[in-house]
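Single-structure report; data block below.
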Amino acid sequence: MSGTALDPRTAPVFPMAARSAMGDTQLRKNVRHATDVIQGKRARVVGEMPDWQELREAGKRIRQHTMAHLDVYLEEFERNCTKAGGVVHWARDAAEARRIIVDLVKATGSDEVIKIKSMTTEEIQLNPALEAAGIHPFETDLAELIIQLGEDQPSHIVVPALHKNRQQIREIFRTKMNLPELGERPQDLADAARMFLREKFLRVKTGVSGANFLIAETGGVCVVESEGNGRMCLTLPETLITVAGIDKVVPRFQDLEVLLQVLPRSATGERMNPYNSIWTGVDAADGPKAFHIVLMDNARTEILADAEGRQTLNCIRCGACQNACPVYRQTGGHAYGSVYAGPIGAILTPQLMEMEHAQSLPYASSLCGACYEVCPVKINIPEVLIHLRNKVVEQNGMRNVEALAMRAMGMIFQSERRFRAAQRMGRIAESPLVRKDGQGQGWIGWLPGLLGGWTQVRDLQSMPKETFRDWWEKRGTDGK
Amino acid sequence: MASSADARAAVLGRIRKAIGGASSADVARAEWEAIPREFKRAASHERGEVLELLVERLIDYDAHVVVVRPEGVTDAVKSLLEARGVRQLLVPVGMPDGVLPEGFAFVVDAGFGASELDAFDGVVTMATVAIAETGTVVLQNAAGQGRRAATLVPDYHLCVVQATNVVETVPEAMVRLQATASLATTFVSGPSATADIEMTRIKGVHGPRFLDVVVIEDAGSK
């Protein structure tokens, strides 16, 4: 992976990217190990909850309700946050959000910022924009630090560096932090990160964060984390700039009673993550003196307008669907060509790109339903995948090769004569490609041209010597 | 800031178009009230069991916990501080009497800068509420709990929790926190931890590496 940002506009299509990921056995081993561990922990702490299904249902209803009244809740959040001393900004798209943030940082006079892990800032490719403006962003989440120092890309929503094992991480830290003697126990690596970042926490005057939840009722913002790096960025700087998708709002403080139960258990398999911070505007005696929040659309309203796709916005970014997905577990996250990987990425990314890019992602699934089963807010991901596949076909219209092939098939199936002719033709055409196995069964491992897409990932059985129709007719004339 | 006003109008306009017209606060309020919440909200255990659960869950998250009778608090705090080998301790404004033992340097937080905070061995605070089911203590910017940075920068945190402030479930905690919801609030579940390296849980990254909790039993309990 190069250091360039994952961008659905330029990324290779999923089947191509997945093919190369499948060849990386180290990556597959790392991803499998990490997802196995999280799934095991998740199953244990979810199993403790006799009311898990009721929590999921409540979570789904809270999110659905919020989306149906999104204008009311955003205005309420804005009013309460402003009243508490925060400054609310609105951004129509990624470019506008980047511009607002860069201008705010410049206004503070700092040329450095400390950052909390935030998928939203990854989505809008904030770091390159900050760097272009002469501002150095320091990632402070351990996984994000590994990604940043390794000039890599995140591959999971919750554990962005799960594709790296400890030896690989040690190598990155050893070179980039100049620690030739660094040990390779996880504890050594965490200690190195602590040393490396502590000085930044104590010195840098501007923090940038995302948000897990925006609370309309109080104007408060909630950030959920484990390491304390989040708390450092939220409390020590003089200025805090938070960027959040407009979908992050929840109606009331009380709603956290559901979300703070389902999120940690689904995300990291913990009953509660080590730290949750909730702050409301500015407090003269606690934390930053200036607080800005950027409420960003960036195609979320497009998703809101689509009755079937809308449930995508209910996502609380726990990553449980990624860990459960048999496709993600084989390919890892980079193959998705987007910062949002796995099942949720397969539905979120194409919609965020207004369906113009990442058209292969709705097909990057076996529709097995494992993602739906683990989703803490019951997003029916398979349903949305099928809906998006329909949109892709519609969008590509009749120029699409698949549509042409289907039309030709339709013609053939309409007439018995054409159908019989096609069967005969098929048997003749396939003959040079068939290889017999030990049992005498014929297999085709490679098909030419466009048909090759089928045999890229599976073998095809050869056609039987005799069709059912031929057999039936012969049986009739023999009079048996 | 004309462009910001334009962006605001544009985003709200798109939302209203997407949801079929402007929503009303009254309708939203009524519909919110009707959201089914059939999950467990109230405690299902006896008080003694709730305290036991809190202790068990805190220990499971690498915190060290002791339960003491009200008259034993000072001694308990003393032996914990001695065991940790800490001397120079920060305390927030409004720390109640009868918690802090003699023989240690307790300095009341006067809004120290980050580097000054870093020089303390640890910090002693109270908590607003504790959640047994998740092993969580919740701190707010209130008397005896202080600002967020005070419990973050020093490497050790000793938190004193009154049993009357211990609840079993997250929903019960949210009810207790509702009145003070706008105060800066931090949920702390065990010391700082990460699992970013091969999913191995490692204690202590940037927040305090050590968390001790002293639970004070109700005066009336046996």
For this session: Take A/Y275 and B/R148, measure what side chain to side chain contact (heavy atoms under 4.5 Å, CB included) needs, and give me the verdict at the end.
Result: CA-CA 11 Å; A/Y275 300 129; B/R148 293 172 290 171; over 6 Å; no
Exercise. Yes or no on side chain to side chain contact (heavy atoms under 4.5 Å, CB included) for B/V153 and A/R198, after CA distance, side-chain angles and deciding distance?
Worked result: CA-CA 9 Å; B/V153 181; A/R198 176 125 312 213; 3.8 Å; yes
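When A/D297, A/I278, A/T280 are compared by the number of non-hydrogen pairs under 4.5 Å with chain B, A/I278 comes out ahead.
Looking at B/Q140, neither its backbone nor its side chain comes within 4.5 Å of chain A, counting heavy atoms on both sides. For A/R310, the part lying near chain B is the side chain, with the backbone staying farther off; criterion is any non-hydrogen pair under 4.5 Å.
Residues from residues 50-60 of chain B that place a non-hydrogen atom less than 4.5 Å from a non-hydrogen atom of chain A comprise B/R57, B/D60, given in numerical order.
With respect to the salt-bridge test (charged N to carboxylate O, under 4.0 angstrom), the residues A/E257 and B/R41 qualify. A salt bridge links B/R201 and A/E270; the closest N-O separation between the charged side-chain nitrogens and carboxylate oxygens is under 4.0 Å.
Evaluation of the side-chain hydrogen bond (donor to acceptor under 3.5 Å, both in side chains) rule for A/R166 yields B/E198 as partners, not counting sequence neighbours.
To the nearest 0.5 angstrom, B/I35 atom CD1 is 9.0 Å from A/Q64 atom CD. In this structure, A/E225 CD and B/S192 OG are separated by 8.0 Å, a value rounded to the nearest 0.5 Å. Atom CG of A/L256 sits about 9.5 Å away from atom CD of B/Q178, to the nearest 0.5 Å.
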